[in-house]
Amino acid sequence: MADCLFCGIAAHRVPATIVHEDDDVVVFKDLRPQAPLHVLVIPKEHVASLAEADVALAGTVAAAAAKAAADAGYSASGYRVVANTGPDAGQSVAHLHFHVLAGRPLGWPPG
Ligand code: AMP
Ligand code: ZN
């Protein structure tokens, strides 16, 4: 989608620190990290949010999120995967993205 920020990152039109890419997903560092590890996992295909994702796409992105945490060394200590969806959750970019956060104790419940 032409005016979508994360489509721009997936197409390498918008600069980002990409840590992994394959045919289906891109994993890149969040611009404003909230933990020692804070990456975003996006599908290359434009999907506005988790609410619009089919099972296969949601599974692909979830598996990539777990792999990103494992590859960064956080399998044992743990991590959090978050998909803010819609206004009350504070979704600010309308392209599906899973946050992967790790490297500090993560409070619960979230704000
Ligand atoms: P959300 O608020 O859940 O929609 O998350 C959007 C995330 O995208 C925020 O954590 C932002 O810091 C992050 N973000 C926005 N623009 C960029 C960018 N150009 N590169 C990397 N991360 C970004
Ligand atoms: Zn997009």
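Ligands are counted one by one from 1 in listed order, and the atoms in each one are counted from 1 as well.
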### Query
So, do Phe6 and Val93 sit near enough that their side-chain heavy atoms are less than 4.5 Å apart?
yes

### Query
Would you say the side chain of Leu96 lies within less than 4.5 Å of the side chain of Glu52, judging by non-hydrogen atoms?
no

### Under 2.8 Å from the Zn ion (ligand 2) - protein N/O/S, by chain and number
Cys4 SG, Cys7 SG, His46 ND1, His95 ND1

### Validation row, ring centre His97 to ring centre His95 under 6.0 Å
no

## Note on the structure
Residues Val41 and Ala65: closest non-hydrogen pair is CG2-CA, 3.8 Å

### Task
Give, for atom CZ of Phe98 and atom CG of Leu50, the distance between the pair rounded to the nearest 0.5 Å.
5.0 Å

### Task
Identify, chain by chain and in numerical order, each protein residue with a heavy atom under 4.0 Å from an atom of ligand 1.
Leu5, Phe6, Ile9, Phe28, Lys29, Asp30, Leu31, Arg32, Leu40, Asn84, Gly90, Gln91, Ser92, Val93, His97, His99

### Query
Do other residues, nucleotides or ligands put more than 12 heavy atoms under 6.0 Å from the CG atom of Asp88?
no

### Task
Could I get the full list of side-chain contact (heavy atoms from CB on, under 4.5 Å) partners for Pro36, not counting sequence neighbours?
Tyr74, Arg104

### Message
Consider side chain to side chain contact (heavy atoms under 4.5 Å, CB included). Of Val100, Asp30, Leu101, which one does Leu37 pass it with?
### Response
Val100

### Listed partners of Glu21 passing side-chain contact (heavy atoms from CB on, under 4.5 Å), at least two apart
His12, Ile18, Val26, Lys44

